[in-house]
There are 2 protein chains.
Amino acid sequence: MPDAIRALKSPPSGKDTLAEPPTYDLIELFFFAYRDFVSDPDRILDEYGFGRAHHRVLHFVSRNPGLTIAELLDILRITKQSLNRVLKELIEKNFIESRTGTADRRQRLLHATAKGHELALKLATLQTCRITRALSEMEPEAKDMVSRYLLRLIDPSDSAHVKHLVFGSEET
Amino acid sequence: MPDAIRALKSPPSGKDTLAEPPTYDLIELFFFAYRDFVSDPDRILDEYGFGRAHHRVLHFVSRNPGLTIAELLDILRITKQSLNRVLKELIEKNFIESRTGTADRRQRLLHATAKGHELALKLATLQTCRITRALSEMEPEAKDMVSRYLLRLIDPSDSAHVKHLVFGSEET
DNA sequence: ATGATATGTCAGTCTTGTTGACATATCTCA
DNA sequence: TGAGATATGTCAACAAGACTGACATATCAT
């Protein structure tokens, strides 16, 4: 166990002072960065009558063709009722299509339509612009370091799954 | 203008291919990391009958004693009606107190009570644990690099304000 | 004194999450 | 083949947290 972790669990000296002061800078910067990061897509989504929930669904379906409902629920960590509401709208408006599974006919395999892929790409490109601007004029190893930091911030019990989803071999 | 930015605005060659593929990894890791990052406090907040909105208000008031309503609204980017609902509860339950401004008696200067500071610290400590774990076994320069990345992700028009708020000389 | 500013509040709406209950189709396995 | 498990869909009610619009009050600034 690294010192930094152990130090948080028991006082380093006999005093009742805190082991380490909270990392207020990273906590607050994370809040502000996320606040602005999601604000770009919001403006576009408004034009389509969609919200952030639609964005998340469309994004992961577009990126993972053939995704099932169960897998999507596990990614988003919401209830099937919540998912169904926004998914139904995306299907009705022809951004996503739902095909009955071939191996298991109970499953619904989700695919983005051409229109869906186009919107997903538009939104991802917006966010990529912001990321690219942030990384420009930073050390070349910055991207890899940020990527590893974010991955390590995720619950360890889920990080293998996320790693596979984000970097993993194309199969869903 | 850096090449990386210009490249996103016009195709590098005469072809109609995209300049750069979207940075799906950083986009998705940001989503998953934020999802888990806010989930730790949620469990504690539940016990107090509070939600994430209360957490954000309590956090910034605790960190910036004497914060005004207007400044808080600017940080959170929500309407005063939304803020008022949660702020009222925090005041009623004695986590925050509102004092009439001395220089300008129209203002309300917000302060966390002892109880409020205690809860804010408990929540910040939880998040600090996650951050510390993520940074442990990473390069020593990782923290600074992540910090600079997050700051650069923020809208440039707001980054000076955020920098002052997060790192800045104690005054509010 | 007058207009601008900081805050508070009422009322209604929207999005996105929740729980609980139940229906249907399909698969798996004894 | 039949029973139970599984994947999905749907109805209804509810809650948090955001929004708009309108209006009130106190205080400041000129």
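All figures in this text were calculated on a predicted structure; none of them were measured in a lab.
- One finds a side-chain N or O of His54(A) lying less than 4.0 angstrom from the OP1 or OP2 phosphate oxygen of dT16(C).
- With rounding to whole Å, Phe50(A) atom CZ is found 10 Å from dT16(C) atom P.
- When all heavy atoms are compared, the tightest approach of Ala134(B) to Arg152(A) is O-NE, 2.6 Å.
- When each of Gly49(B) and Arg105(B) is assigned the nucleotide of DNA chain D with its nearest heavy atom, Gly49(B) is the one assigned upstream, toward the 5' end.
- When each of Thr102(A) and Gly51(A) is assigned the nucleotide of DNA chain C bearing its nearest heavy atom, the one mapping closer to the 5' terminus is Gly51(A).
- Under the rule for a ring pair (Phe, Tyr, Trp, His ring centres under 6.0 Å), the partners of Phe31(A) that lie at least two apart in sequence or sit in another chain are Phe60(B).
- The separation between Ile78(A) atom CD1 and dA15(D) atom P is 20 Å, rounded to whole Å.
- Atom CD of Glu139(A) is surrounded by more than 12 heavy atoms from other residues, nucleotides or ligands within 6.0 Å.
- Rounded to an integer number of Å, the gap from CZ of Arg56(A) to P of dT15(C) is 14 Å.
- One atom, CZ of Arg52(B), and another, C1' of dG17(D), lie 11 Å apart when rounded to the nearest Å.
- A ring-centre distance under 6.0 Å is not found for Phe37(B) and Phe32(B).
- Following rounding to the nearest Å, Leu76(B) (CG) and dG17(D) (C1') show an atom-to-atom distance of 12 Å.
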Next item on the list: Could you encode protein contacts along nucleotides 4-14 of chain C as a string, one character per nucleotide from 5' to 3', using B for base contact, S for sugar-phosphate-only contact and - for no contact, with a heavy-atom cut-off of under 4.0 Å?
Entry: BBSBBBB----

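- The minimum heavy-atom distance between Val166(B) and Arg63(B), with the atom names listed, is O-NH2, 3.4 Å.
- Across Arg35(A) and Asp74(B), no two heavy atoms sit closer than the pair NH1-O, 3.8 Å.
- A salt bridge links Glu97(B) with Arg99(B): the distance from a Lys NZ or Arg NE/NH1/NH2 to an Asp or Glu carboxylate oxygen falls below 4.0 Å.
- Residue contacts for Arg85(B): at a heavy-atom cut-off of 4.0 Å it reaches a base atom on one of the strands shown.
- Here the P atom of nucleotide dA18(D) and the CG atom of Leu72(B) are 11 Å apart, to the nearest Å.
- Phosphate contact (OP1/OP2 of dT18(C), side-chain N/O of Thr79(A), threshold under 4.0 Å): present.
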Next item on the list: Step by step, work out the ring-ring contact (aromatic ring centres under 6.0 Å, His included) result for Tyr149(A) and Tyr149(B).
Entry: CA-CA 11 Å; Tyr149(A) 171 74; Tyr149(B) 171 73; 9.6 Å; no

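- At dT16(C), none of the side-chain N or O atoms of Ser82(A) fall inside 4.0 Å of OP1 or OP2 (strictly under the cut-off).
- The nearest whole Å value for the distance from the CG atom in Leu83(B) to the C1' atom in dA18(D) is 12 Å.
- Terminal axes of the helix from dA1(C)-dT30(D) to dA30(C)-dT1(D) (five pairs each, C1' rotation axis) are separated by 30°, to the nearest 10°.
- Shown here is Lys163(B), whose NZ atom has no more than 12 heavy atoms of other residues, nucleotides or ligands within 6.0 Å.
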